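Below, read A as the first sequence line, B as the second, and so on, with proteins coming before strands; counting in each chain starts at 1. Being a predicted model, the structure only gives us computed values, none of them experimental.
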Protein chains: 2
Amino acid sequence: MTVSRSTRDKLLDATLRVLAEQGIAKTSARTVAASAGVNQALVFYHFGTVEEMLAAACEQGARQRIEAHRGALSEVATLSDLVDVARRIHEEERAAGYVALLGQLLAGAASHPALAAATASGLRLWVAEVETVLTRLLAATVLGDLVDAPGLARAVSASFVGLELYEGVDPEAAQQAFGALDRLAAVVALLSDLGPLETRALRRKLRQV
Amino acid sequence: MTVSRSTRDKLLDATLRVLAEQGIAKTSARTVAASAGVNQALVFYHFGTVEEMLAAACEQGARQRIEAHRGALSEVATLSDLVDVARRIHEEERAAGYVALLGQLLAGAASHPALAAATASGLRLWVAEVETVLTRLLAATVLGDLVDAPGLARAVSASFVGLELYEGVDPEAAQQAFGALDRLAAVVALLSDLGPLETRALRRKLRQV
DNA sequence: GTCTATAACTAGATAGAC
DNA sequence: GTCTATCTAGTTATAGAC
């Protein structure tokens, strides 16, 4: 559609790029403008402050990434499907650095209140997506009425960010962590696939909680 | 023992304080020195660079915090004990901001390679602790030979950091997440407490993995 | 070990020409 | 909308007095 993007868009893209590649500490009006190939003063013309630019980039970035994965997520039918999809999303996001970027913003939010709000709402977009899938899947299993899907969606999303940040400093350990989660999810997936007899027995037991 | 701490120690403590309270972006030789009540030039006399000071503070901080919790962790006997202890550790760490601090360093590591190494080794201290407890507990349950305790310890540690960062921008959502995990852990704890008949049936089923 | 002073640089932000 | 120029303030780091 648009052959030449607007300066505003170029700046938003560059913000995400610099944030992912160099971290929040090295993200400034100057570095972003340089990466976008535009003049530094335009940051302030278009966004007023650097903080506002970061906030705008955060929301746009989250929206873009979720859009890219929504299709795959909506087709998830079983817990083992979910594991496969999660692994694929992880691979893509690791390459792009977009989730670690959320970590950068989460960290930056400590000193910039306006950024906290934007990051929280960016994360909320992920949470909503995860929550939809989780609710749908859990409803069909023994665990359906035992776990708190909305809360779990938040836990999973935050954990994912932590794991992607971990990947940045210790890739091997992070891989091991993802491997263990894969395996754990496979066990849980199997639990949801018990025969009717075992299911009833387990349900009786779990009712105590 | 030491009535008046050395300048070096004052700087390390101040580094952790500023990092927890203001984030990596606001942590500089000047802010740390001011918080420690010493001259700014002493940062460079004692540590050479700001980055080295951050690295030293990271390792010392991780060591201190783990020391503070080791007793409670070693007394954990069951999975539900672990849930209680984890909740208590979370409350304390949230108040002190020390885990979120690890998140700050993880984020800062993106632009400072030396910091990445220090953060990774600081996290390794937590991982080792979690791994010990997890291995001990899981050995006694159905899950013992099904899950990868070392990998899981890494996943749990990284997730914890993500959750503490989350707490900084959306405390309510983070609380919800912790609540869901509590509940989930209770379910798993119950699984480890099945009668011999159910245990055998479940084990047979899970053997397929 | 600790201080002052300062060099060299980078940051956010604005004024004003075009 | 975009540019140059500039102001102010904060940054790491060092030299040299004490």
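Aromatic ring pairs are classed by plane angle as parallel below 30°, tilted from 30° to 60° and perpendicular above 60°; the pair B:Phe160 and B:Trp126 is tilted.
Rounded to whole Å, the distance from CD1 on B:Ile24 to C1' on D:dT11 is 14 Å. The distance between atom CZ of B:Phe47 and atom P of C:dG1, rounded to the nearest whole Å, is 12 Å. Summarising the geometry, the separation between CG on A:Leu54 and P on C:dA11 is reported as 13 Å, rounded to the nearest angstrom. Between B:Phe44 atom CZ and C:dG1 atom P the separation is 18 Å, expressed in whole Å. Rounded to a whole Å, the CD atom of A:Glu52 is 10 Å from the P atom of C:dA13. Between the CG atom of A:Leu42 and the C1' atom of C:dC18 there is a distance of 14 Å, given to the nearest Å.
Pairs of Watson-Crick or G-U wobble type, with distances under 3.5 Å, assemble into runs of 3 or more in DNA chain C at these ranges: C:1-10 with D:9-18, C:12-18 with D:1-7.
The side chain to side chain contact (heavy atoms under 4.5 Å, CB included) search around A:Ala185 returns A:Val83, not counting sequence neighbours. Taking the salt bridge (charged side-chain N to carboxylate O under 4.0 Å, His left out) definition, one finds that A:Glu164 meets it with nothing, sequence neighbours left out. Not counting sequence neighbours, the partners of A:Arg87 by the salt bridge (charged side-chain N to carboxylate O under 4.0 Å, His left out) test are A:Asp84, A:Asp182.
Nearest-nucleotide positions on DNA chain C for A:Lys26 and A:Tyr45 put A:Lys26 closer to the 5' end.
Residue B:Leu138 forms a side chain to side chain contact (heavy atoms under 4.5 Å, CB included) with just one option from B:Leu146, B:Val133, B:Asp145, B:Val147, and that option is B:Val147.
Taking every heavy atom of both residues into account, A:Leu105 and A:Cys58 meet most closely at CD1-CB, 3.5 Å. The minimum heavy-atom distance linking A:Val32 with A:Leu11 is given by the pair CG1-O, 3.7 Å.
Salt bridge present: A:Glu91 and A:Arg94 bring a charged side-chain N and a carboxylate O closer than 4.0 Å. A salt bridge between B:Glu131 and B:Arg154 is present, with a side-chain N of the basic residue lying under 4.0 Å from a carboxylate O of the acidic one.
Contacts of residues 7-17 of chain A with DNA chain D (heavy atom under 4.0 Å): A:Thr7.
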Distances under 3.5 Å between nitrogen or oxygen atoms of protein and nucleotides 5-9 of chain C:
none

